[in-house]
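Lettering of chains follows the sequences in order, A, B, ..., and the numbering in each one begins at 1.
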Protein chains: 2
Amino acid sequence: MANDNENKSIKMRDVADHVGVSVATVSRALRNPEQVSPAVRARIAAAIDTLGYLPDPAARALASTRSDLIAVILPSVSNNVFADVMDGIYAAAEGTRYSVQLGYSRYSPLSEENLTKLFLRQRPAGIVVTGIDQTDATKTLLGQANCPVVQIMETGPEPYDRMIGFSHYDAARVATAHLIAQGYRAPGFLGARMDPRTQRRLHGFRDELRAQGLEEGRRVHTTTRPSSVTLGSYLLGELLSVAPETDAVFCINDDLALGAMFEAQRRNLRVPESLGICGFNDMEMMGAAEPALTSVRTFRREMGEGAIQMILDALAEKAPASEPVLDLGFEVVARTSTQRGG
Amino acid sequence: MANDNENKSIKMRDVADHVGVSVATVSRALRNPEQVSPAVRARIAAAIDTLGYLPDPAARALASTRSDLIAVILPSVSNNVFADVMDGIYAAAEGTRYSVQLGYSRYSPLSEENLTKLFLRQRPAGIVVTGIDQTDATKTLLGQANCPVVQIMETGPEPYDRMIGFSHYDAARVATAHLIAQGYRAPGFLGARMDPRTQRRLHGFRDELRAQGLEEGRRVHTTTRPSSVTLGSYLLGELLSVAPETDAVFCINDDLALGAMFEAQRRNLRVPESLGICGFNDMEMMGAAEPALTSVRTFRREMGEGAIQMILDALAEKAPASEPVLDLGFEVVARTSTQRGG
DNA sequence: TTGACGAATGTAACCGCTTTCATTACTCAC
DNA sequence: GTGAGTAATGAAAGCGGTTACATTCGTCAA
């Protein structure tokens, strides 16, 4: 209401005129303040303030061949796991000069490739991608990207640049070991979507069973359909009809675990006595459920924050942190749902 | 591997040279194909393909004073409700020339104002904001934005431009009426966060109680803390200790409802006989729970899709759809958790 | 006093595309 | 055949910043 000047967007020229210096000086005051005398710098700051100047990101990007965007490619919008990651990403980017440009690959490597091309075209300040299962073309693109690249959600031997995550394989092995340690002798596996990360969890489950001398029998039940609580109920039903001896289930995520628990209640199967249940990710609800559900805690928010921090560090040319691959680990949070006498 | 040409990013100049026309013609072939002869157009298309040309969005935006970004401002990253909205938004934007630029206000109107300024600076193709509770400054900015503006999640009398959502007040009234119709005489209210939309639901609850001649007593229990399943359990506990006569709860979202249900189980309170539970939004888990939980279904994905569609229509200068305000309504999905004998 | 040097600032080219205006080549009515 | 009108294309001026390079000016050692 007060200021009509907000209308005809103020540009750097206006600020320069207002102060009585050239646009170059204003530009420098913004990008490399130490090159401008304190007095002028202060007057410029004041002018920017009173005029309400905001730089045009397009012009900036064009002139400097570098945008202030951090591109982030995630597989899914609706998966809660990534909501937490995003939370960390936005929190870490907040207050910096960078803003986040988000893309969703819908678990399709091809779609991921297209997004990568699109984003790289913007000359981003950094790029965050999920996992390690890119197409060859994407690998090439990311390998020669001239900005920091961070892979999240996993650890692995050959990062394009840097990596922050944990081992899905190890996490599944430890969770399976937990079930066995609790006395379950016929644990089953419930999986949905079955993207690469989920597959690695399945491998971990299988290897641990084998290592402990147990048979997996017909107790691995998976589908490529997207995960949901309803699906968890359904899969448990299927599993029990195929393999009635099942005495526990390791679910590749918490939604499935919750669904399995509801289904167990419907069938008057006692949890944890007759059926142990272990989820994955340890979303907030797991501790609140009745009975409380065991899960593998993962550090999702921290992965998001860490990824952005890695990029900021790289841009600030801080000494590259000792290790290019940061393993955040995981933690089996044992709760009632697997607390069997022994 | 194959193509080294991906490296030194191809520009329009290269395409033009390759075809033997001016950059102006290439530009036209891309923006206004009908101005270019079919023969030339085809050759340009071919050249773009073989060279793998991708336009530079910054240059485009700078030259045309218009970016291909649709700015979206949501209150929260982690709230599942908005995940669904985003899902719709990304789905609708997919395949168009527009991409989405997301910002989170963390329920802070001031933060929303800053984001609005920032985004408007990019001369977006359109902007989507959540709700109707903007600061005066934001109102002014949006009112004079020279691009389509869509408000989502609510309906109201004075849209800046267009609006798509539903009435939270009405939804809460109808849900409350449902509880009363089921024979509950002492329904309580569980609320978290208490942002403006939540407040409107509380008003609806209160007005309906009053309209039906019931007292609310001390049965409205709210907190400004963010919602969670755990909090639902906690709030129900609090409510019952303050108002033991409570025979049903209307929860402002499904997380609280789920938490309330778990707490009821812990206390051996029978649902729905001793305690009716109604959630809000009808997330997927509600139908899968045991007992299945009643909720108010909202059309979140549709709001996201619809908002983008409105912007696309406006940009295509289609006749402005009859009504600037589109009410998607809601639907009380009655399930076991409120199925009392009568 | 004088020339060298560094700090502060200005000048102007340029980033890659869009768009106005001018130009060219036709088509067609008269 | 001629001038008007139209479709297709090119030339060039920006869009709003950044940055290499030039210029100015004050400081200081010789």
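- Residues forming a salt bridge (charged side-chain N to carboxylate O under 4.0 Å, His left out) with A/Arg121 (at least two apart in sequence, or on another chain): none.
- Whole-Å rounding puts the B/Asn32 CG to C/dT18 C1' distance at 10 Å.
- At whole-Å resolution of the value, CZ in B/Arg13 and P in C/dC17 are 10 Å apart.
- Every residue two or more places apart in sequence or in another chain was checked for a side-chain hydrogen bond (donor to acceptor under 3.5 Å, both in side chains) with B/Ser78, and none qualifies.
- Here C/dC17 presents its C1' atom at 14 Å from CG of B/Leu54, a figure rounded to the nearest Å.
- Here the side chains of A/Asp133 and A/Glu112 are not in contact, with every heavy-atom distance at 4.5 Å or above.
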5' to 3', nucleotides 5-16 of chain C under a 4.0 Å protein heavy-atom cut-off (B base, S sugar-phosphate only, - none) gives ---SBBB---BB
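- A salt bridge is defined here as a Lys NZ or Arg NE, NH1 or NH2 lying under 4.0 Å from an Asp or Glu carboxylate O, and B/Asp17 with B/Arg13 meets this definition.
- One finds no salt bridge joining B/Arg300 and B/Asp87 here, because no Lys/Arg side-chain nitrogen approaches an Asp/Glu carboxylate oxygen to under 4.0 Å.
- We find that CD1 of B/Ile44 is positioned 14 Å from C1' of C/dC17, with the value rounded to whole Å.
- Side-chain contact between B/Met153 and B/Val81: present, with at least one pair of heavy atoms (C-beta onward) separated by less than 4.5 Å.
- For the pair B/Arg66 CZ and C/dT18 C1', the interatomic distance rounds to 14 Å; values are reported in whole Å.
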